[in-house]
Protein chains: 2
Amino acid sequence: MAQQDGRLGQEGMATEEKDPKTGTAGGTMRADGNPDDSRGSLFRSNLPRPTMADVARLSGFSAMTVSRALKDGASVSATTRERILGVIEEIGYVPDLTAGGLSSKRSGFITALVPTINNSNFSDTACGLTDALSERGLQLLLGYTDYSSGREEELISAMLRRRPEGMILTGGFHTERARRLLESAAIPIIETWDLPEAPVDQVVGFSNADASRAMVHHLVERGYRNIGFIGGSSNRDTRGADRRAGYEAAMSELGLGEGHIITFGTPPISMEQGGQAIAQMIEQWPEVDAVICVSDLSAFGVIMECHRRGWSVPGRVAVAGFGDFEVSRCCWPSITTVTVNSYDIGKQAGELLLSTIDRIRAGEEVAPATVKIDFKVVSREST
Amino acid sequence: MAQQDGRLGQEGMATEEKDPKTGTAGGTMRADGNPDDSRGSLFRSNLPRPTMADVARLSGFSAMTVSRALKDGASVSATTRERILGVIEEIGYVPDLTAGGLSSKRSGFITALVPTINNSNFSDTACGLTDALSERGLQLLLGYTDYSSGREEELISAMLRRRPEGMILTGGFHTERARRLLESAAIPIIETWDLPEAPVDQVVGFSNADASRAMVHHLVERGYRNIGFIGGSSNRDTRGADRRAGYEAAMSELGLGEGHIITFGTPPISMEQGGQAIAQMIEQWPEVDAVICVSDLSAFGVIMECHRRGWSVPGRVAVAGFGDFEVSRCCWPSITTVTVNSYDIGKQAGELLLSTIDRIRAGEEVAPATVKIDFKVVSREST
DNA sequence: GTTTCGAATGTTATCGATAACAAATGTTGT
DNA sequence: ACAACATTTGTTATCGATAACATTCGAAAC
């Protein structure tokens with residue numbers, strides 16, 4: 001009880017001096033530390049934090065009983081639990097999951113790797129995952145690969161050191177070493193946002209090629225024939241490549257020729273790049289009357305560039321996107337797109353992972369499942 | 001060496017059957033598992049993974065030497081290290097950071113809490129942080145609070161169980177219990193995106209009120225007088241509230257009256273909500289000739305709604321945003337906004353955290369610093 | 001009243017690494 | 001050649017929790 005005295009000591013919290021003029025319009029980014037104010041940092045001292053043994057001693061029970069009092073289904077009498085929780089509150093004990101995990105061999109982590117978190121599709125998926133996992137007290141270790149399979153490999157290796165109980169990946173392309181690491185990790189893996197031909201384990205996704213194909217059909221139904229495609233230079237973004245492949249396949253199936261493709265920059269291709277791409281497209285193939293963009297963001301860039309150049313959308317050229325980002329719903333004209341429930345991909349992946357973990361732990365043999373997520377072409381003003 | 005045999009056994013990876021028609025345009029989100037394919041899941045078996053002791057035995061050295069061979073600055077002979085790394089590669093040993101951290105009392109984690117990851121400002125900050133931290137092998141545990149201080153408190157409590165070596169927070173408002181938890185955690189804390197009056201510890205941010213004030217000045221310089229403000233209903237998003245306060249202060253300082261404020265929905269306020277808000281604004285105060293929006297996203301919604309209604313921007317009404325999102329650069333008219341280097345906030349926070357950790361570990365007394373990040377009004381077509 | 005059983009609690013070993021100290025080996029200077 | 005020291009390696013204790021088994025105690029069953 002004496003142990004933590006002094007650590008929580010009150011420190012003077014000086015009021016910040018204000019300088020309302022600083023930084024008002026002008027100057028480049030600047031940052032200067034001014035260590036001249038006097039918040040105390042005593043609380044950062046390296047005194048040992050209370051452990052379960054401290055709680056045990058102070059409450060008069062054994063450490064094991066304390067441990068049980070903190071678990072849900074454990075057999076502890078109500079009065080005991082109450083007393084223990086009282087002590088915990090009093091001394092501010094915070095359990096150390098690191099130690100617990102080492103002993104129980106359950107880290108409480110799930111790892112998820114996405115290409116980038118700065119894309120509402122993937123961040124929605126991450127939210128779905130978090131929601132599914134947090135119900136069971138699992139934490140999400142999130143990493144982003146920047147669309148690089150090399151970085152993915154590094155991340156997989158780094159994450160596995162935390163002994164995650166499962167891993168969620170985006171897409172079906174991984175380096176050889178990554179696949180080896182995953183296999184010897186011996187944990188459930190779920191690949192998402194894709195339907196890989198040779199999955200590592202389980203899958204929650206959809207066929208990007210089919211979605212793209214569906215969009216071509218939609219445009220053809222509405223009378224467009226000279227349909228172009230705008231995407232990033234591939235081999236990094238395999239989902240983008242699949243969409244392009246689906247476009248090409250559909251064009252040839254429908255006897256509409258080879259199609260017109262502008263590839264541009266490294267993924268994710270930005271709004272600005274979409275604008276540049278449409279200019280190039282129209283210059284090279286003036287007959288193009290519709291374009292499919294690899295994502296809504298580039299589609300939006302296309303439309304804004306058309307505005308600038310006085311090309312009416314969809315009059316001069318129709319524009320379709322992918323992903324149903326908020327901007328495509330809100331912009332004018334609103335953008336025809338392929339909608340996929342990104343949040344749901346995460347939620348389903350999380351739930352599948354949980355049930356798989358449960359079943360493995362129960363000793364069942366789990367046959368890897370593939371959960372197909374529906375997509376849908378949403379027709380809006382831009383086509 | 002025999003131990004891990006069989007775990008890496010080759011399993012049949014059956015090719016997925018394809019069904020290209022499924023999901024083509026129509027139907028609501030559906031997901032059905034089809035566990036009828038035959039990927040093997042043998043590799044998921046619960047055999048024990050190799051440990052450092054295994055590496056030690058197979059290489060003929062002690063576990064301690066293996067541990068040193070994996071550290072950077074440790075004294076091991078070149079041949080020894082080579083031999084050990086060979087064994088590690090051969091048996092596929094992956095170190096367990098959990099165990100290492102327990103022993104060394106360094107978890108290798110930093111926690112960051114943001115309001116939402118689905119906002120490029122915060123995800124950029126998260127990227128900056130990751131970049132700063134990964135140089136030192138630290139991993140980021142990311143959580144999102146949904147703009148709720150209650151959820152923040154829960155997350156802080158949950159994250160502290162992982163014994164992070166530092167924590168990055170967004171904003172300066174925290175519950176009492178959260179502050180207590182942070183103090184007794186005795187680790188460096190950095191609050192970002194704000195300049196709190198009573199910081200917990202260190203700060204990397206800017207004054208949202210001042211930024212907003214600067215925007216009012218910008219509009220006034222350009223001749224606007226009836227300036228309105230559109231934001232979310234406050235008390236959750238304190239940065240949004242600060243921006244509103246700065247707006248109100250500037251209006252009254254400049255003798256432009258109390259201003260006209262539309263508050264709308266819970267933050268983050270969306271593009272759609274921005275559209276609804278401007279309609280309400282113009283109906284209620286037709287004399288308004290300029291609006292400042294709490295973020296670029298709502299500003300974009302405003303502009304699109306103006307398009308729809310035939311109100312020219314900036315002719316009928318000028319529009320300003322906040323945050324310099326990509327959409328504001330690319331849309332037409334492009335949006336005048338306040339630009340803040342979000343990535344830099346993360347990078348600086350990460351570096352400050354690292355140096356603080358170093359100095360504390362070296363036994364130095366660290367005076368909490370405040371790093372001010374510059375912001376800048378960027379004038380574009382919408383004003 | 002004894003037996004039986006189940007709930008509540010305690011004891012000991014262990015998870016997989018690293019710190020701290022100890023020992024062995026090699027190297028340099030005179 | 002030998003002290004003095006640096007480099008490399010090994011030993012033991014430990015981090016903070018939980019698993020597995022052992023024990024205690026009281027209530028129900030006969």
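These figures come from a predicted structure and were not determined experimentally. Chain letters run A, B, ... following the sequence lines, proteins first and then strands; every chain starts at 1. Just the heavy atoms: all of them, side chains too, but no hydrogens, waters or symmetry mates, feed the values below.
The interatomic distance linking B/Phe61 (CZ) with D/dT11 (P) rounds to 13 Å, in whole Å. Distance A/Ile88 CD1 to D/dG16 C1': 14 Å, rounded to the nearest Å. With rounding to whole Å, A/Leu102 atom CG is found 7 Å from C/dG16 atom P. Atom pair A/Leu70:CG and C/dA8:C1' shows a separation of 16 Å (rounding to whole Å applied). One interatomic measurement links the two molecules: CG of B/Asp96 to P of C/dA17, which rounds to 6 Å at whole-angstrom precision. The distance between atom CZ of B/Arg361 and atom C1' of C/dA19, rounded to the nearest whole Å, is 14 Å. Between the CZ atom of A/Arg162 and the P atom of C/dA17 there is a distance of 13 Å, rounded to whole Å. Going from atom CZ of B/Arg83 over to atom C1' of D/dT9 covers 12 Å, rounded to whole Å.
Between A/Met64 and B/Ala63, it is B/Ala63 whose nearest contact on DNA chain D lies nearer the 5' terminus. Both B/Ala78 and B/Lys105 lie close to DNA chain D; mapped to their nearest nucleotides by heavy-atom distance, the more 5′-ward contact belongs to B/Ala78.
Looking at heavy-atom distances under 4.0 Å, B/Thr65 makes contact with sugar-phosphate atoms alone, never a base. Using a 4.0 Å heavy-atom distance criterion, B/Thr80 is classed as a sugar-phosphate-only contact. Residue contacts for B/Ser104: at a heavy-atom cut-off of 4.0 Å it reaches the sugar-phosphate backbone alone, with no base atom in range.
Between A/Phe61 and A/Arg83, some side-chain heavy-atom pair lies under the 4.5 Å cut-off.
No hydrogens or angles considered: nothing links the side chains of A/His174 and A/Glu153 as a donor-acceptor pair under 3.5 Å. A/Gln202 and A/Thr356 share a donor-acceptor pair across their side chains, judged by distance under 3.5 Å alone.
Nearest nucleotide to the A/Ser62 side chain, out of C/dG10, D/dA17, D/dT9: C/dG10. Among D/dA17, C/dT11, D/dT9, the nucleotide with an atom closest to any side-chain atom of B/Val76 is D/dT9.
For A/Ser103 against D/dT18, a side-chain N or O and a base N or O form a donor-acceptor pair under 3.5 Å. Under 3.5 Å, the side chain of A/Arg68 and the base of C/dG10 form at least one donor-acceptor pair of N or O atoms.
Phosphate proximity of D/dA17 to A/Lys71: absent, as no side-chain N or O sits under 4.0 Å from OP1 or OP2. Taking only side-chain nitrogens and oxygens, B/Ser77 never comes nearer than 4.0 Å to OP1 or OP2 of D/dT8.
Remark: side-chain polar atoms of B/Ser149 are not paired, donor with acceptor, to backbone N or O of B/Glu152 under 3.5 angstrom.
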* Could you go through the side-chain hydrogen bond (donor to acceptor under 3.5 Å, both in side chains) check for B/Thr65 and B/Ser62 one step at a time? => CA-CA 5 Å; B/Thr65 301; B/Ser62 71; 3.2 Å; yes
